[in-house]
Amino acid sequence: MALVLAAAPAAAETPERDKIAATVAAQRDTTIKALRDWIALPTIAAEKRGTPEGAEYMKQLALDAGFQQARIIPTDGVPAVFATLDAGAPTTLGIYFMYDVKQFDPAEWDSPPLEGRLVERPGEGLAIYGRGAVNQKGPEMAFLAAIKAIQASGRKLPVNLVLVAEGEEEVASTHFDQVVAVPEVQAALAKTIGVFIPSAAQSKDGSANITLGAKGAVEFQLVVGGETSDKYPKTDIHSSNHARIENPAWRLVKALDTLVADDGHTPAIDGWFENVRPLTPRQKELIAEGAKLNPEAQEKAALGIGRWIDDEDYITSLERFYSQPTVNIQGLVAGYTGPGGKTVLPGRAEAKLEFRLVPAMTKAEAVGKLKAHLAKRGFDDVQVTVSGGYGPNETEEDSVLIRAQKRLFDETGIPYAIRPRNAGSWPGVIFNGPPLNLPASQFGLSRGGGAHAPNEWFLIESSEPKVYGLDQATMAYVDYLYTVAEEAAK
């Protein structure tokens with residue numbers, strides 16, 4: 001069963017765990033300061049901010065954590081970092097980091113987004129607030145603290161490590177495939193048993209989630225205006241001209257309307273569901289079991305909504321959540337958006353969209369079908385610009401990475417659910433797909449929230465004993481490395 005409510009007898013123990021835990025506690029203030037310093041230096045690919053400084057900083061973080069070599073990998077966009085740590089172990093594990101963060105508006109925050117302020121969070125404990133706190137600098141810093149503590153305690157790591165860290169995850173990993181294609185990087189990753197990304201996967205009640213993959217994501221823009229056709233003005237003009245000149249905003253709206261059905265959410269792009277793989281009975285079973293650890297009322301409260309699409313029941317909504325590809329409008333920009341009116345006819349209209357893809361869809365397929373769909377309907381004046389993206393990823397339930405998570409949760413008595421996939425996205429397909437064909441997963445305890453939103457936070461000291469704070473999350477990574485090593489040896 002995926003839902004575990006009681007602890008299983010411990011089958012293994014991290015060597016000298018008490019000594020390592022004491023080291024983690026002793027370095028706690030240093031770890032918090034390092035996290036605050038990292039939050040203070042944002043890399044935002046969409047704004048071309050903090051690059052190449054972010055890569056240099058990430059490289060130094062790896063070296064400070066004990067990686068013997070770390071170097072910057074240039075791309076056609078923001079550079080990445082590649083590092084290796086040889087512990088002389090028989091098993092090598094891949095680690096994926098993102099060192100970039102989402103954009104932010106300081107006016108929307110209760111504290112400065114780059115300060116890393118420590119704030120008492122009612123009902124949760126002491127948390128650090130800042131852009132990147134949970135997505136992903138907090139979990140990543142906890143992982144770095146874990147490998148520091150093992151080494152500072154006089155031990156070698158139980159696994160060798162290969163780290164790849166990118167600076168464009170928040171713009172859909174535009175050039176990450178170039179990083180993994182570098183012969184030295186690919187050869188190092190090929191020696192690993194799989195790749196995982198640190199995360200914060202605990203719920204408020206202390207339960208955890210294991211995910212067997214993630215949806216793919218493709219970010220793109222649709223633009224209509226003077227730059228796409230001479231029937232639109234080059235700049236905003238007086239609105240009286242709409243009697244004789246077409247408005248690009250209306251044209252964009254008409255194009256957008258063809259992408260979904262009349263219900264406003266079902267994708268209507270020609271051939272869109274052709275390669276969509278339906279949920280298996282096992283995946284439906286996992287979804288139903290997982291719902292027991294994630295109550296419907298709690299989910300709705302967290303999202304600020306009162307009902308699901310079509311007033312569906314909770315399990316049906318979850319099946320849709322994990323299995324349905326989506327066509328989402330992130331934002332619309334056209335003409336005047338200030339107070340009052342301005343009586344203009346816009347010279348340009350833009351929609352920012354994203355696809356979420358499920359097995360067995362691909363990025364190339366989705367983009368190709370979008371362009372063919374628009375062309376068939378005569379929207380040759382709608383410019384499609386793909387800014388980034390990748391396909392979905394999947395990892396088997398019996399892979400070493402997943403077995404190690406289940407065993408660790410069993411032995412420590414942490415209730416957990418297994419999700420068929422994450423409805424969000426990360427570029428695990430770069431590892432999961434050819435030529436590497438590696439398991440790719442997420443792992444990490446503790447809690448956080450506000451990713452991509454104001455007041456992002458990561459828990460430092462938990463007021464709930466079942467929920468991990470920074471030190472406990474760090475030790476979870478220590479235990480995970482030893483558990484992975486033992487599972488790989490079987």
Backbone of W38 reached by a side-chain donor or acceptor of K137 within 3.5 Å: yes
Value rounded to 0.5 Å, distance of CH2 in W109 from CZ in F104: 8.0 Å
Non-hydrogen atoms of Y99 and P79 that approach each other most closely: OH-O, 2.5 Å
Listed pairs under 3.5 Å, donor-acceptor, residues 85-95 side chains, sequence neighbours left out:
| from | atom 1 | to | atom 2 | distance (Å) |
| --- | --- | --- | --- | --- |
| D86 | OD1 | G88 | N | 2.8 |
| T92 | OG1 | N160 | ND2 | 3.2 |

Using atom types as modelled, flag every donor-acceptor pair under 3.5 Å from a side chain in residues 418-432 to any protein atom, sequence neighbours excluded.
| from | atom 1 | to | atom 2 | distance (Å) |
| --- | --- | --- | --- | --- |
| R419 | NE | Y322 | OH | 3.1 |
| R421 | NH1 | Y322 | O | 2.6 |
| N422 | OD1 | G424 | N | 2.8 |
| S425 | OG | K215 | O | 2.8 |
| S425 | OG | G216 | O | 3.3 |
| S425 | OG | R356 | NH1 | 2.7 |
| N432 | OD1 | E394 | N | 2.5 |
| N432 | ND2 | E394 | O | 2.8 |
| N432 | ND2 | L438 | O | 2.8 |

Contacts of type ring-ring contact (aromatic ring centres under 6.0 Å, His included), residue W272, not counting sequence neighbours: F355
Listed once per pair and sorted, the ring-ring contact (aromatic ring centres under 6.0 Å, His included) pairs that draw on residues 369-405, sequence neighbours left out: none
Minimum-distance pair of heavy atoms, taken over all atoms of Y477 and P198: OH-CB, 3.3 Å
Steps toward side-chain hydrogen bond (donor to acceptor under 3.5 Å, both in side chains) verdict (S173, E166): CA-CA 8 Å; S173 303; E166 71 160 319; 2.6 Å; yes
Closest heavy-atom pair and its distance - S203, N294: OG-OD1, 3.6 Å
Any donor-acceptor pair under 3.5 Å from E140 side chain to M98 backbone: yes
Distance (rounded to the nearest 0.5 Å) between D257 CG and R377 CZ: 11.0 Å
Heavy-atom side-chain contact between I44 and D100 under 4.5 Å: no
Steps toward side chain to side chain contact (heavy atoms under 4.5 Å, CB included) verdict (V164, V81): CA-CA 6 Å; V164 282; V81 175; over 6 Å; no
CG-OG1 distance between L436 and T192, expressed to the nearest 0.5 angstrom: 7.5 Å
Any side-chain donor near an acceptor of the partner, H452 and Q103, under 3.5 Å: no
Min side-chain heavy-atom separation R277-V358 under 4.5 Å: no
Under 3.5 Å: donor-acceptor pair, side chain of Q202, backbone of Y468: yes
Presence of salt bridge, D37 and K33, under 4.0 angstrom: yes
Residue pair S153, T23: steps toward the side-chain hydrogen bond (donor to acceptor under 3.5 Å, both in side chains) verdict: CA-CA 7 Å; S153 302; T23 303; 2.9 Å; yes
Residues R403, E397; criterion salt bridge (Lys or Arg N to Asp or Glu O under 4.0 Å); working and verdict: CA-CA 7 Å; R403 291 203 320 265; E397 198 173 338; over 6 Å; no
Atom CG of D398: over 12 foreign heavy atoms under 6.0 Å: yes
Side chain proximity check, V179 to D177, heavy atoms < 4.5 angstrom: no
Step-by-step side-chain hydrogen bond (donor to acceptor under 3.5 Å, both in side chains) determination, N135 to E170: CA-CA 10 Å; N135 184 25; E170 296 293 13; 2.9 Å; yes
Ion pair K369/E274, N-O distance below 4.0 Å: yes
Under 3.5 Å donor-acceptor, T483 side chain and L408 backbone: no
Check against side chain to side chain contact (heavy atoms under 4.5 Å, CB included), T228 and D380: CA-CA 9 Å; T228 69; D380 56 331; over 6 Å; no
Side-chain heavy atoms of R121 within contact of L126, under 4.5 Å: no
Intermediate values then yes/no, side-chain hydrogen bond (donor to acceptor under 3.5 Å, both in side chains), E365 and N275: CA-CA 9 Å; E365 171 202 358; N275 294 315; 3.1 Å; yes
No-hydrogen, no-angle side-chain donor-acceptor test under 3.5 Å, T385 and Q221: no
Side chain proximity check, D270 to K376, heavy atoms < 4.5 angstrom: yes
Side-chain donor or acceptor of T337 paired with backbone N/O of A334 under 3.5 Å: no
CZ on R36 to CE on M141, rounded to 0.5 Å: 13.0 Å
Residues which pass ring-ring contact (aromatic ring centres under 6.0 Å, His included) with Y480, listed by chain and number, not counting sequence neighbours: F196, F443
Considering all heavy atoms, the nearest G347-P248 contact: C-CG, 4.0 Å
Salt bridge flag under 4.0 Å for residues E487 and K490: yes
S387 side chain reached by F220 side chain, heavy atoms, under 4.5 Å: no
side-chain contact (heavy atoms from CB on, under 4.5 Å) partners of Q330, counting only residues at least two apart: E219, N328, K352, E354
More than 12 heavy atoms from other groups under 6.0 Å of NZ on K102: yes
Whether over 12 other heavy atoms sit under 6.0 Å from K156 NZ: no
Donor-acceptor contact present, side-chain T51 to main-chain K48, <3.5 Å: no
Q27 side chain to V24 backbone, donor-acceptor under 3.5 Å: no
Donor-acceptor under 3.5 Å (E486 side chain, Y482 main chain): no
S441 side, atom OG; N393 side, atom CG - distance, nearest 0.5 Å: 9.0 Å
Interatomic spacing from CG in D236 to CZ in R348 - rounded to 0.5 Å: 11.0 Å
E108, E47, E456 screened by salt bridge (charged side-chain N to carboxylate O under 4.0 Å, His left out) with R131, the one that passes: E456
Close side-chain approach of T280 and Q283, heavy atoms under 4.5 Å: yes
I460 vs D471 side-chain heavy atoms within contact, under 4.5 Å: no
Any donor-acceptor pair under 3.5 Å from D230 side chain to G226 backbone: no
R251 bridged to D381 by N-O distance under 4.0 Å: yes
